[in-house]
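Order of the sequence lines sets the chain letters (A, B, ...), proteins ahead of strands, with each chain counted from 1.
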Amino acid sequence: MSVPLSSSKQATVFLLRLCLLKPQTPAIPYYPLHRHLSTEPIPPPQPPPQDEDSLINEAVQLFQALEDGHSNSTQLHQLLFSSSSPSSPGIFRQITRRLASSSQALEFFDYIRSNSPSQELTSLSFTFQAIFELASREPDPQNKLLELYRTSKERNIPLTVNGATLLVRFLGRAERVDVALAVVDELDPSLKNTHFYNVVVDVLFKSGRIVEALNMLDEMLQPGADCPPNDITGGVVFAALSGRKLFGRSISDEEIVGLVSKLGAHGVVPDSFKLTQLITKLCRNKKIGRAWDVLHDVMKAGGTLEAASCNALLTGLGRDGDFERMNTLMTEMKEMDIQPDVVTFGILINHMCKARRVDEALEVFEKMKGVSDGLSVEPDVITYNTLIDGLCKVGRQEEGLTLMDQMRSENKCMPNTVTYNCLINGFCKAGEIERAQELFDQMNKETVFPNVITLNTLVDGMCRHGRINSAVQFFDEMRSEGLKGNAVTFTTLINAFCNVNNIDKAMELFNQMSKDGCSPDAIVYYTLISGLSQAGRMDDASSVVSMLKEAGFCLDIVCYNVLIGGFCRKNKLDKAYEMLKEMEQAGVQADSVTYNTLISYLSKSGNFATAHRVLRKMVNQGLVPTVVTYGALIHAYCLYGKNEDAMKIFRDMSSSSKVPPNNVIYNILIDSLCKTNEVELALSLMDEMKVKGVRPNVTTYNAMFKGLREKNFLQKAFDLMDRMVEQACNPDYITMEVLTEWLPAVGETGKLKKFVQGYEVSVSTA
DNA sequence: CTAGGGTTAG
């Protein structure tokens, strides 16, 4: 690098070199890398050598005296500009730094310029930087710096990198991002360093200028770039990724993954906390693959991983049902010596339970406690609750109870409200309401306080097992003891009353809700609309729809389907079409259930042409006919005695459109064929079911028995009776009715007895 | 870690 010299003095040459050589020996050395960018200070000036120091002090005093009018300029002039003075760019900057204010410093700057017109531009740049530094420590630094920046431009003084950095930071704080960007453009590109880029990127992110920030980062991230990213760059970027955006667009998940990857290639990785935040965010946005990539980029870059980050990813993978990758990650954790914690095991156990793989969950549970391979992890109340819930959900509530005893004795871990809620739910679902109530009494004795979930669980249990009045009574008792219900309680009761067709009571509860200070949510409305539609009370359903809208809720697709189905059943096709039109206007797309409902009612009312037209529309909308679509048409053709048309559709669906018929489809056809005395054809369908692995159920057998009885095909009936027993398919009252009316009449009471016995045996072994 | 609703074919 060649340096134009204005003085022949050796010292000047030396100092000039010191100032200009970069980046190998920058005037301001590279700072140690701090973690916190915003507090990263401009480094303190190097103390000058002794003789220089006294010269600087003398100059400061002389200039201040000159300003105060106590002195003339001769002495200072001599000190600074005579041929014997060791004057240098560094010297002017040092003097400037010690002046009283930025305004005095500006005057000193002008003094130098007027007394030494041939002054090096570089020297002036550094002196001006010192003025910026002074201003930055004075009151109202932002406006002062903006003013000084304009002054520097008027006087054609190029910016130093540190001057520019200072300006960008303060202009950013003053929200003058455009001026800051002008500073960036103006700075000689060869002067730019990583620290400068870091400040610029930080300002851009904080002001929501994402595109500019990413472009700036791209410059740093180019392979072989002059200013590679450092840990501070990482701090700036990772803070921006997790920070909430108040303005500007946010950074897309793809951009996040790209940045982590590119920074990782430079050895810059987020700390454990930031990494965990990032992964959680990506998983919440259903970008599990992206989250996986981020974690593995950091792994590859050699960053330290903690269990928390892995736990975040495991949660996402679990929600995705991706057990394979969960296993892979666990293996990787082991390889990298990352100790799983109680949360890690909790996640594994939870997802195994949710997949109803409770025995495997119990294995993991034993493993975490086991001291065999190193550190054991103590299960906590959440671990126990997860397992107890898992056991209860698969009907193993007795084992759940055992586990509750175990947590008390082995781990001194006391059951809490959740523990009891899980068990109470387990016994309720199993229909053991008394046991559930016993547990409720027990928790009260142990002063584990029931909450609204306990209440709702018991109310639901009672309702589902035919004790609606007990449920209402229990609800009232709890309310008098201070445990209030919520929208869930009311939904449960409203649904229960709708199911027993007690619409008046359901409506009464709905009206009571608001009086009790419990505002209905959308689900309460949906439940009531469904109940009313099911009961055929479409006018009432419509008025609840109006109330729902008044309350600010919207109908969703399922609710529209319910209403359309209700109107169809009432033969109010015009109303059904009205709903269709309304949902279209509301931007709710009809789904296959909507179309199936219409097709079902059109074809059942004999309107096959319209049904097929709707079917074509369904396909045009990009929806695929389902087994229910075909079932509706097949059923209707059968009802109208058009077995051949039904069979044609049946052959169609299994061949061309690849919708395999299920037992409902076979049942419709077999029933219809038997009723029209085409029993042989029905039997061939039974054979086909066997070949295709479709399991007949009691409906299938009942249809066949009726058909076989008409033709008195005894042997075939015996064959089917044997198969029923083999398959442990329970006969129902229709089976028994048909067989007891038929077999004894033809002298086959023995076969009937054997059948019933076989059934009893199969029940006891099942 | 725990509680509520609604569709379509038999």
Next on the checklist: By the 4.0 Å heavy-atom rule, please label A:Ala487 as base, sugar-phosphate, or nothing.
Outcome noted: base
Checklist entry - Between A:Asn486 and A:Asn456, do the side chains contain an N or O donor and an N or O acceptor separated by less than 3.5 Å? => result yes
Item to check | OP1 or OP2 of B:dT2 under 4.0 Å from side-chain N/O of A:Lys393 | outcome: no
Checklist entry - Looking at the side chain of A:Ser530, which of B:dC1, B:dG6, B:dA9 is the nearest nucleotide? => result B:dG6
Next on the checklist: Less than 4.0 angstrom between a side-chain N/O of A:Ser600 and OP1 or OP2 of B:dA9, yes or no?
Outcome noted: yes
Next on the checklist: Starting the side chain at C-beta, find the nucleotide from B:dG4, B:dC1, B:dG6 nearest to A:Cys559.
Outcome noted: B:dG6
Next on the checklist: Let's see if you can work this out: which of B:dC1, B:dT8, B:dG4 has an atom nearest to the side-chain heavy atoms of A:Lys429?
Outcome noted: B:dG4
Item to check | Nucleotide nearest A:Arg464 (side chain, heavy atoms from C-beta), chosen from B:dA9, B:dA3, B:dG4 | outcome: B:dG4
Checklist outcome for this item: With the side chain defined as heavy atoms from C-beta on, A:Ile523 is closest, among B:dG4, B:dT8, B:dT7, to B:dG4
Checklist entry - How close or far is atom C1' of B:dT7 from atom CD1 of A:Ile529, stated in whole angstroms? => result 13 Å
Next on the checklist: A cation-pi test, strictly: NZ or CZ of A:Arg357 under 6.0 Å from the centre of the six-membered ring of A:Phe323 and no more than 45 degrees from its axis. Yes or no?
Outcome noted: yes
Checklist entry - So which pairs with a foot in residues 542-559 of chain A pass side-chain hydrogen bond (donor to acceptor under 3.5 Å, both in side chains), sequence neighbours left out? => result A:Lys549-A:Glu582
Item to check | A:Asn495 vs B:dG6: side-chain N/O to OP1/OP2 distance below 4.0 Å | outcome: yes
Checklist entry - With a non-hydrogen cut-off below 4.0 angstrom, is A:Asn486 in contact with a base, only sugar-phosphate, or nothing? => result base
Checklist entry - Counting any heavy atom closer than 4.0 Å, what does A:Val459 reach on the DNA or RNA strands: base, sugar-phosphate only, or nothing? => result nothing
Checklist entry - Among B:dC1, B:dG4, B:dA9, which is the nearest nucleotide to the side chain of A:Val627? => result B:dA9
Checklist entry - Going by number, which of residues 560-569 of chain A have a non-hydrogen atom under 4.0 Å from DNA chain B? => result A:Asn561, A:Val562, A:Arg569
